Amino acid sequence: MPKFAMDDIDRKIVAALQEDGRMTSVELAERVGLSPSPCARRVRLLEEAGIITGYVALVDQVAVGLPISVFASIKLERQREEELDRFAAAVASWPEVVDCYLMTGQRDYLMRIVVQDLEAYERFLKEKLTRLDGVSSIESSFALGQLKRSHALPMAGNAPPRSRKR
């Protein structure tokens, strides 16, 4: 499949939708300087290309009773495909894990876990993470505060270099 080539208008559309995914198509069109039909067509193409993958409501974790964020670094006994797949399948089924990355370096995975309190994290460790075959070590770090959290990707910086005409 050929790579979708985004232009400046596409980047404006994506940036606007990242800021407010509930704006109407008319509002979006006005914001990016298009009429509604071509704007809607571009949004559909961005969705079909997999650039826009969905729309969600962002929820305040403290407001819903999940104030604790724990970052856990996980090392596996072996990094064979079967072990990696088993770990990925388990993590996908755990709602407490909101982010998980396969890493380079001394640890294999870094995950962010959200829970209501320390007891809930202890239960998560004892009942889920430590019971998973192949886990060699777990190192937990508790977030004391959050300085920045963004779900928006920096669209302005993604523009390809332009050739200059002299």
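What you see below is based on every heavy atom in this structure, not just the backbone, and it leaves out hydrogens, waters and symmetry mates. Every value quoted in this text rests on a predicted model; they were computed, and no experiment measured them.
Rounding to the nearest 0.5 Å gives a distance of 13.0 Å between CZ of Arg112 and CD of Glu96. If you take CG on Leu102 and CD on Gln79, they are separated by 9.0 Å, rounding to the nearest 0.5 Å. From Ile51, atom CD1 reaches atom CD of Glu47 across 11.0 Å, with rounding to the nearest 0.5 Å.
Summarising the geometry of Phe87 relative to Cys100, their closest heavy-atom pair is CE2-SG, 4.2 Å, with the distance given to 0.1 Å. Across every non-hydrogen atom of Val26 and Pro36, the tightest pair is CG2-CG, 4.3 Å. Heavy-atom minimum distance, Met155 versus Arg11: O-CD, 3.1 Å. Nearest heavy-atom pair across Ala16 and Leu28 is CB-CD1, 3.6 Å. Taking all atoms of both residues into account, the shortest heavy-atom contact from Ser69 to Val114 is OG-CG1, 3.8 Å. Listed here is the closest heavy atom pair of Tyr109 and Met103: C-CG, 3.9 Å.
Across Asp10, Leu17, Thr53, a single residue satisfies side chain to side chain contact (heavy atoms under 4.5 Å, CB included) together with Leu46, and that is Asp10. Checking Asp99, Val70, Val91 one by one against Met111, the side chain to side chain contact (heavy atoms under 4.5 Å, CB included) holds for a single residue, Val91.
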Pair up each side-chain donor or acceptor in residues 133-147 with any protein partner under 3.5 Å, not counting sequence neighbours, and list the distances.
{"unit_1": "Ser137", "atom_1": "OG", "unit_2": "Arg107", "atom_2": "NH1", "d": "2.6"}
{"unit_1": "Glu139", "atom_1": "OE1", "unit_2": "Arg107", "atom_2": "NH2", "d": "3.1"}
{"unit_1": "Ser140", "atom_1": "OG", "unit_2": "Tyr121", "atom_2": "OH", "d": "2.5"}

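If you chain together hydrophobic residues whose side chains sit under 4.5 Å apart, Tyr55 and Met23 fall into the same group. Leu125 and Leu110 are assigned to two separate hydrophobic clusters, defined by single-linkage of ILVMFWY side chains at heavy-atom distances under 4.5 Å. Taking hydrophobic clusters as Ile, Leu, Val, Met, Phe, Trp and Tyr residues chained together by side-chain heavy-atom distances below 4.5 Å, Ile113 does not share a cluster with Phe71. Clustering ILVMFWY residues whenever any of their side-chain heavy atoms sit less than 4.5 angstrom apart, transitively, puts Leu129 in a cluster other than the one holding Val98.
At least one side-chain heavy atom of Trp94 sits less than 4.5 Å from a side-chain heavy atom of Leu132. Contact check for Val43 versus Leu45: no side-chain heavy atoms found under the 4.5 Å cut-off. Between Lys75 and Gln106, the closest side-chain pair of non-hydrogen atoms is not below 4.5 Å. For the pair Val32 and Arg42, the minimum side-chain heavy-atom distance is 4.5 Å or more. Side-chain contact between Glu19 and Arg31 is present, with at least one heavy-atom pair separated by less than 4.5 Å.
Classification of Asp60 and Arg149 as a salt-bridged pair fails, no side-chain N sitting under 4.0 Å from a carboxylate O. Remark: Glu27 does not engage Arg22 in a salt bridge, criterion side-chain N to carboxylate O under 4.0 Å.
Within a 6.0 Å radius of CD in Glu82, more than 12 heavy atoms belonging to other residues, nucleotides or ligands are found.
Under a 3.5 Å cut-off, the side chain of Asp108 and the backbone N or O of Leu76 do form a donor-acceptor pair. Remark: side-chain polar atoms of Arg131 are paired, donor with acceptor, to backbone N or O of Lys126 under 3.5 angstrom. Gln18 contributes a side-chain N or O that, together with a main-chain N or O of Leu153, makes up a donor-acceptor pair within less than 3.5 Å. A side-chain donor-acceptor contact under 3.5 Å links Gln61 to the backbone of Leu66.
Partners of Arg44 by salt bridge (Lys or Arg N to Asp or Glu O under 4.0 Å), not counting sequence neighbours, listed by chain and number: Glu48.
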